[in-house]
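Read through the structure below, which is laid out as structure tokens, and then see the notes.
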Amino acid sequence: LLFFFFFSFRNSAKLVAPLGCLVSRQKHTLPDLPYDYAALEPHINAEIMQLHHSKHHATYVNNLNVAEEKYKEALAKGDVTTQVSLQPALKFNGGGHINHTIFWTNLSPNGGGEPKGELMEAIKRDFGSFANFKEKLTAVSVGVQGSGWGWLGYNKEQGRLQIAACANQDPLQGTTGLIPLLGIDVWEHAYYLQYKNVRPDYLKAIWNVINWENVSSRYAICKK
């Protein structure tokens with residue numbers, strides 16, 4: 001489990017702002033948003049963005065640093081029992097940090113519409129059409145029970161795009177092997193203040209702020 005978590009973290013770090021190095025156990029920090037909290041309105045309001053970024057994501061970062069410090073101490077002592085007991089905290093908080101760092105860059109006030117170029121061709125190849133892809137990812141995201149994420153990922157072994165859902169803060173690559181391209185957060189803290197319990201309305205709105213340039217860049221990188 002820990003191996004897959006580390007693997008996911010390193011590979012995700014290539015595609016987002018630096019997340020810190022697990023090998024040297026540097027402190028992780030909350031990345032700045034590339035836009036203002038109000039920039040995604042009316043689709044996602046400023047209050048949600050501020051709480052989501054400065055409170056929820058920040059908590060994952062802080063708890064990850066605490067868990068890593070404890071793991072470092074247990075490793076030095078050869079305390080395998082404590083190392084094992086810390087893995088759920090590493091997975092949850094590390095996954096929360098990875099997922100949100102990707103999520104912020106997947107969104108843009110200049111987003112929406114449809115992707116272009118190689119990504120669009122791959123979507124048509126693997127899903128038939130952009131409309132079919134959008135419908136499938138929306139359905140998977142709506143269908144997440146409780147809290148979690150809907151993802152568009154790249155299956156490097158098969159050379160194709162793939163849709164998946166992850167529970168809680170499970171990181172996509174560390175738990176499925178898929179390289180994350182586009183993540184949709186369907187935890188209630190991502191939408192409840194604006195959309196209440198109507199997740200489909202939030203998912204309909206979020207397509208207006210998807211940053212297809214970012215998703216396309218991720219796709220180009222993972223194909224190399």
Side-chain angles (χ1 to χ4, degrees), residues 12 16 30-63 92-93 95-115 119 123 127 129-153 161-172 175-176 178 180-216 218:
S12 296
V16 295
L30 181 68
D32 293 331
L33 291 186
Y35 40 77
D36 294 334
Y37 286 136
L40 304 182
E41 291 187 341
H43 310 293
I44 306 177
N45 69 35
E47 185 180 13
I48 287 175
M49 292 299 296
Q50 183 173 12
L51 288 170
H52 199 170
H53 176 258
S54 68
K55 301 298 183 182
H56 291 280
H57 189 174
T59 297
Y60 297 128
V61 172
N62 292 337
N63 288 343
F92 181 76
N93 293 292
H97 187 27
I98 291 170
N99 294 343
H100 285 88
T101 303
I102 294 170
F103 183 60
W104 307 134
T105 65
N106 278 167
L107 305 177
S108 169
N110 301 314
E114 299 182 358
L119 177 61
I123 287 173
F127 302 106
S129 68
F130 179 75
N132 284 342
F133 154 71
K134 184 176 176 180
E135 181 180 349
K136 289 181 179 181
L137 182 52
T138 298
V140 165
S141 301
V142 168
V144 171
Q145 294 184 341
S147 301
W149 293 72
W151 287 98
L152 171 66
L161 301 175
Q162 192 170 326
I163 288 172
C166 288
N168 300 313
Q169 293 297 351
D170 290 1
L172 181 71
T175 53
T176 70
L178 299 175
L181 304 179
L182 169 63
I184 299 179
D185 188 347
V186 290
W187 279 66
E188 283 194 340
H189 64 237
Y191 62 87
Y192 193 86
L193 289 177
Q194 185 171 359
Y195 296 97
K196 306 309 179 193
N197 64 333
V198 189
R199 185 185 288 177
D201 285 355
Y202 158 70
L203 289 167
K204 181 179 180 181
I206 202 170
W207 290 103
N208 293 301
V209 290
I210 296 298
N211 184 353
W212 290 114
E213 289 186 6
N214 179 263
V215 181
S216 295
R218 292 175 182 281

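Keep in mind that this is a model prediction, so the values were computed, not measured. Worth knowing before you read on, the calculation uses all heavy atoms, side chains too, and leaves out hydrogens, waters and symmetry mates.
- Judged by distance alone, the side chain of Arg199 and the main-chain N or O of Ser141 form a donor-acceptor pair under 3.5 Å.
- We find the CD1-OG distance between Ile123 and Ser216 to be 7.5 Å, quoted to the nearest 0.5 Å.
- With rounding to the nearest 0.5 Å, the separation of CG in Leu181 from CD1 in Ile163 is 11.0 Å.
- Remark: Glu135 CD is loosely packed, at most 12 non-hydrogen atoms of other residues, nucleotides or ligands lying under 6.0 Å away.
- Using a 4.5 Å cut-off on side-chain heavy atoms (C-beta onward), Trp151 and Leu178 make no contact.
- Side-chain atoms of Asn106 do not come within 3.5 Å of backbone N or O of Ile210 as any donor-acceptor pair.
- Residues Trp104 and His57 are in side-chain contact: their nearest non-hydrogen atoms beyond the backbone lie under 4.5 Å apart.
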Practice task
Evaluate side chain to side chain contact (heavy atoms under 4.5 Å, CB included) for Leu40 paired with Asn208, printing each intermediate quantity in order.
Solution key: CA-CA 9 Å; Leu40 304 182; Asn208 293 301; over 6 Å; no
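- Atom NZ in Lys134 sits 9.0 Å away from atom NZ in Lys204 (nearest 0.5 Å).
- Minimum heavy-atom separation, Pro115 to Phe130: CD-CE1, 3.4 Å.
- Within the 4.5 Å cutoff, side-chain heavy atoms of Trp187 are placed close to those of Gln169.
- Residue Asn132 holds its CG atom at 10.0 Å from CZ of Phe127, rounded to the nearest 0.5 Å.
- Looking at Asp185 and His100, their side chains come closer than 4.5 Å, going by heavy atoms from C-beta outward.
- Atom-to-atom distance recorded for Leu107:CG and Leu182:CG is 8.5 Å, nearest 0.5 angstrom.
- Contact between Leu203 and Val142 at its shortest, heavy atoms only, is CD1-CG2, 3.1 Å.
- Ile98 has its side chain out of reach of Leu172: every pair of non-hydrogen atoms, C-beta onward, lies at least 4.5 Å apart.
- The two residues Pro31 and His97 have their closest heavy-atom pair at CD-CE1, 4.0 Å.
- Phe133 has its side chain out of reach of Leu161: every pair of non-hydrogen atoms, C-beta onward, lies at least 4.5 Å apart.
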Exercise for the section: Go through the steps to decide whether Ile102 and Trp149 satisfy the test side chain to side chain contact (heavy atoms under 4.5 Å, CB included), and finish with yes or no. Expected result: CA-CA 12 Å; Ile102 294 170; Trp149 293 72; over 6 Å; no
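- Between Ala165 and Val144, the shortest heavy-atom distance links the atoms CB-CG2, 3.9 Å.
- In terms of heavy atoms, Val186 sits closest to Tyr191 at O-CE2, 3.6 Å.
- Between the Glu188 side chain and the Asn197 main chain, no donor and acceptor come within less than 3.5 Å of each other.
- You'll find the side chain of Tyr35 stays beyond 4.5 Å of the side chain of Asn110, heavy atoms only.
- The shortest heavy-atom contact between Ile48 and Gln194 is CD1-CB, 3.5 Å.
- Tested against Tyr37, the residues Gln50, His53, His52 include a single side-chain hydrogen bond (donor to acceptor under 3.5 Å, both in side chains) partner, His53.
- The closest side-chain heavy-atom distance from Leu51 to Glu47 is below 4.5 Å.
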Practice task
Dump the intermediate steps for side chain to side chain contact (heavy atoms under 4.5 Å, CB included) on Asn214 and Ser108, then the final yes or no.
Solution key: CA-CA 9 Å; Asn214 179 263; Ser108 169; over 6 Å; no
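- The backbone N or O of Glu213 sits less than 3.5 Å from a side-chain atom of Asn211, completing a donor-acceptor pair.
- If you check the side chains of Trp207 and Thr138, you find a donor sitting under 3.5 Å from an acceptor.
- With rounding to the nearest 0.5 Å, the separation of CG in Leu30 from NZ in Lys55 is 11.0 Å.
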